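Below is one structure; the comments refer to it alone.
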Amino acid sequence: MIEDRITQITIEGFKNLYNHDINPGIIQIGKTNPEFRGDFTVVVFPLLRFSKKSPQITAEELGNYLLSNLTELESFEVIKGFLNLLIKDKYWIDFFMTGVNDIEFGIQKIKDTTPVIVEYSSPNTNKPLHLGHIRNNLLGYSIAEILKANGKNAIKINLINDRGIHICKSMLAWMKWGGGETPVSADMKGDHLVGKYYVLFDQKLKEEITGLVEKGYSKEDASNQAPLMKEAQELLQKWENDDNEVRKIWHLMNGWALEGFDRTYKRLGVDFNKFDYESDLYLLGKKLINEGLNKGVFFKKDDGSVWVDLTGDGLDEKLLLRGDGTSVYITQDIGTAETRYNDHKPAKMIYIVGNEQIYHFDVLKKILKKLGRVWYEIIFHLSYGMVELPQGRMKSREGTVVDADDMMDEMFLTAKKTTEELGKIENFTSGELEELYAIIGLGALKYYILKVDPKKNMLFNPEESIDFNGNTGPFILYTYARIRSIFRKAGQEPEDFLKILDLNKISLLESEKEIIKIIYQYPQVVKNAGESLSPALIANYCYELSKSFNHYYQDTPIFKRVDGDTANFRLILSWFTGRIIKHSAGLLGIQVPERM
RNA sequence: GGUCCCGUAGCUCAGUUGGAUAGAGCAACAGCCUUCUAAGCUGUGGGUCGCGCGUUCGAGUCGCGCCGGGAUCACCA
């Protein structure tokens, strides 16, 4: 990195010019603002206390020192307290040549085999996935890919929340009113069928509660004593007691839900290294609760329920086990964390879970700490923001959710409609078109979601379809397709041009240097994205690069009407750009088309 | 009420560890296909970075206090 050289020689310069040893930390090197001439800018203000001279003079003196000691430096210019450095084209051309020959450009070559666990998706098996889950899945998948590009051993785990009172509700409704309906008989995806009964349960329960309230019960009593609620709770106890009949139905309905999820995952293009099932792990949590009781860090109330007192940590008392002995959510999370730690000894356990559960993870870590699990510190909750609709957040039970499968259908149709309107379907087979629509539709959706900073809430308006122009996924795909098209027209593959590439006579256009400089940043962007676990950085970068290329392409002939060496260079520059677009899109889980 | 997150153009979002006159896209308007894909490119208009005080040579960025919005504090997950 040339920045490191600038830093190093600046330190040297301060020693020679002013006889001061300065700390590399205070040397600020940034990109030069586009309105000025230069590639990098050294901000001299923080250095004045060492030079004891005015900003102008200090910058001049440092500039001259750099000019005679940094061979890559072409010239410099001082404006106010800013020392703008212009780097020689040769440096950029050399970088270009090295990068283009590095087939793994941008990714970390030093591999770290210590596992980093990324838990994401983690659906409940009582209802289908919605747009919020899509955000979760895309973030999880992308973050794992970004970590891999940073040389980490990312392990993707999906924890299936397949037990609990919510599952029992769907089961109960199906047992009572299902009439033996199956996904086949109903011609419905399994997860949607199970979800249908979850909603039905809720409706019937509400009716019961209303009835009870009319009879004079308080709202709270009515909710607690509604027969359906009691039945669901009994079902949960039977389940925990391994009741054969209950387990059979549970197995059946979970199977439907999981089969449905599987199809959604495949279509969305996400995958996992491992599936954990809450039903397998929740008992471990109970064991740890006992350990805590024995150690005296938890306590039991008269009704038999188990609690932990976190008031000393600024939180509240938290329930760990119900009075009837059944587990709650956090019970199994304690067991799961312990198992994962023991099984993998990971450097980090990243949980991709919505920001509504910040408190939950706070509690989890504090509990593990109380149990003496010092590794609680490796738990990192990536709390992403909600996807909101114009009328507020999505609510499954109120039917204000955007279903994941519907969403993908819609994106596919929009892609189809747009492509047809633009008249770009000639020379495609119908199979190729299907594939193209899927790539474009999903690309638009994924980019739309991932370009937003994960921790921020985001708005989705179903009335306005996701855009295909401007700062969008299709824009990026289009740029890639354009580049591929160039090679079809040029008649040879990039490697053929690379073989005969001669850069000796090339002088860079501003727009070419601009693209090379953006490519130059790529490894650092990948690194930043890995450190901050933010696919948004990759998305914004990919857009920036695409935009820059489109600008270039608009008024620069790539291989027509230019001499051979220039054409070779421009072709290879286009190829390199395309490679970075494809790679960065890949980190987002976005595929690119050969044509569109 | 306690804790946490957010507030940047009409809308959706960027804005590196504090640096130069705060950027994109959409929407609006005006242009550009006889040359490699116009899902593109160029231009115009649009801002009290919620408000105030402070730290600093310098604050959208850091600190404190307000205002507004959201999340959470369940024998829900």
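Below, chain A is the first sequence line, B the second, and so on; all start at residue 1. FYI, side chains are in, hydrogens and waters are out, and symmetry mates aren't considered; it's all heavy atoms of this structure. From a predicted model like this one, the values you see are computed outputs, not experimental measurements.
Spacing between B:G19 and B:G65 at atom C1', rounded to whole Å, works out to 27 Å. A distance of about 14 Å separates the P atoms of B:G60 and B:C53, rounded to the whole Å. One C1' atom belongs to B:G54, the other to B:G45, and the distance between them is 37 Å to the nearest Å. The same atom, P, is picked in B:G18 and in B:G40; the two are 36 Å apart, to the nearest Å. If you take atom P in B:U12 and the same atom in B:G7, they sit 13 Å apart, rounded to whole Å. Separation of the P atoms belonging to B:A77 and B:G15 is 37 Å when rounded to the nearest angstrom. Comparing B:A27 with B:G23, their P atoms sit 22 Å apart, to the nearest whole Å. For B:A59 and B:A22, the P atoms lie 13 Å apart once the distance is rounded to whole Å.
The pair A:Lys31-A:Asp39 does not count as a salt bridge, with every side-chain nitrogen at least 4.0 angstrom from each carboxylate oxygen. Of the charged side-chain nitrogens involved, none lies within less than 4.0 Å of a carboxylate oxygen, so that A:Glu514 and A:Lys547 do not count as a salt-bridged pair. Residues A:Glu240 and A:Lys286 are paired through a salt bridge, judged by an N-O separation under 4.0 Å between the basic side chain and the carboxylate.
Spacing between atom CD1 of A:Ile558 and atom C1' of B:G40 amounts to 14 Å, rounded to whole angstrom units. At whole-Å resolution of the value, CG in A:Leu459 and C1' in B:C26 are 14 Å apart. One can place CZ of A:Arg163 at 11 Å from P of B:C76, the figure rounded to the nearest angstrom. Per the geometry, CD belonging to A:Gln332 stands 15 Å off P belonging to B:C76, to the nearest Å. Following rounding to the nearest Å, A:Phe487 (CZ) and B:U37 (P) show an atom-to-atom distance of 12 Å.
With B:A39, B:C4, B:A20 as the choices, the nucleotide that has an atom nearest any side-chain atom of A:Ile358 turns out to be B:C4. Considering only the side chain of A:Asn355, B:A71 comes nearest among B:G25, B:G15, B:A71. Side chain of A:Tyr553, nearest nucleotide from B:A39, B:C36, B:A77: B:C36. Relative to the side chain of A:Glu278, the nucleotides B:A77, B:G40, B:U37 differ in distance, and B:A77 lies closest. Of the candidate nucleotides B:G25, B:U72, B:C36, B:U72 has the atom nearest to the side chain of A:Arg393. Side-chain proximity of A:Ile486 to the nucleotides B:A39, B:A77, B:C36 is greatest for B:C36. Considering only side-chain atoms of A:Lys456, the nucleotide from B:G40, B:G7, B:U42 that sits closest is B:G7. Considering only side-chain atoms of A:Leu537, the nucleotide from B:A39, B:C36, B:G15 that sits closest is B:G15. Distances were taken from every side-chain heavy atom of A:Asp316 (C-beta onward) to each of B:C73, B:A38, B:A39; the shortest belongs to B:C73. Taking every side-chain heavy atom of A:Ile165 into account, B:C76 is the closest of B:C76, B:C41, B:A39.
In a base pair of the Watson-Crick type (N1 to N3 plus N6-O4 or O6-N4) or a G-U wobble (N1-O2 and O6-N3), with each distance short of 3.5 Å, B:U17 is matched with no nucleotide. As the counterpart of B:G43, B:C29 is assigned, both hydrogen-bonding distances of the Watson-Crick or G-U wobble pattern falling under 3.5 Å. With a 3.5 Å ceiling on both atom-pair distances, the Watson-Crick or G-U wobble partner of B:U12 is B:A24. When both distances must be under 3.5 Å, the Watson-Crick or G-U wobble mate of B:G65 is B:C51. The partner of B:U3, taking Watson-Crick or G-U wobble pairs whose two distances both stay under 3.5 Å, is B:A71. B:C36 makes up no base pair with any nucleotide shown, lacking Watson-Crick or G-U wobble contacts both under 3.5 Å.
Residue A:His551 places no side-chain N or O under 4.0 Å from the OP1 or OP2 atom of B:G40.
Residue A:Phe82 and nucleotide B:A20 are classified as a stacked aromatic pair, their ring centres being separated by less than 5.5 Å at an interplanar angle below 30°. The ring of A:Phe45 lies on top of the base of B:G19, close enough and flat enough: under 5.5 Å between centres, under 30° between planes. With centres under 5.5 Å and a plane angle under 30°, the ring of A:Phe36 is stacked against the base of B:A20.
For B:C33, the glycosidic angle deviates from 0 by 90° or less, giving a syn base.
Taking only distance into account, the side chain of A:Lys489 never meets the base of B:U37 through a donor-acceptor pair shorter than 3.5 Å. The base of B:A39 sits with one of its N or O atoms less than 3.5 Å from a complementary donor or acceptor on the side chain of A:Lys424. No hydrogens or angles were tested; on distance alone, a donor-acceptor pair under 3.5 Å links the side chain of A:Thr419 to the base of B:A39.
In this structure, A:Lys80 and A:Lys31 both approach RNA chain B, and ranking their closest nucleotides by distance from the 5' end singles out A:Lys31. Heavy-atom distances to RNA chain B give each of A:Pro557 and A:Pro46 a nearest nucleotide, and the one nearer the 5′ end belongs to A:Pro46.
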Q: Take A:Glu594 and A:Arg482 through the salt bridge (charged side-chain N to carboxylate O under 4.0 Å, His left out) test and state the conclusion after the steps.
A: CA-CA 8 Å; A:Glu594 289 296 302; A:Arg482 266 184 153 177; over 6 Å; no
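Nucleic acid contact class of A:Tyr359 (heavy atoms, under 4.0 Å, all strands): sugar-phosphate only. A:Thr326 comes within contact range of no nucleotide atom at all, as no heavy-atom separation falls under 4.0 Å.
A:Glu512 and A:Tyr552 share a side-chain donor-acceptor pair at under 3.5 Å.
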For residues 228-237 of chain A, tabulate all N or O donor-acceptor pairs below 3.5 Å that involve a side-chain atom, not counting sequence neighbours.
residue: A:Glu231; atom: OE1; partner: A:Lys176; partner atom: NZ; Å: 3.2
residue: A:Glu231; atom: OE2; partner: A:Lys176; partner atom: NZ; Å: 3.1
residue: A:Gln237; atom: NE2; partner: A:Asp324; partner atom: OD2; Å: 3.2

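Taking CD1 of A:Ile6 as the start and CD1 of A:Ile27 as the end, the distance is 10.5 Å to the nearest 0.5 Å.
Between A:Tyr543 and A:Phe475, a ring centre-to-centre spacing shorter than 6.0 Å is recorded.
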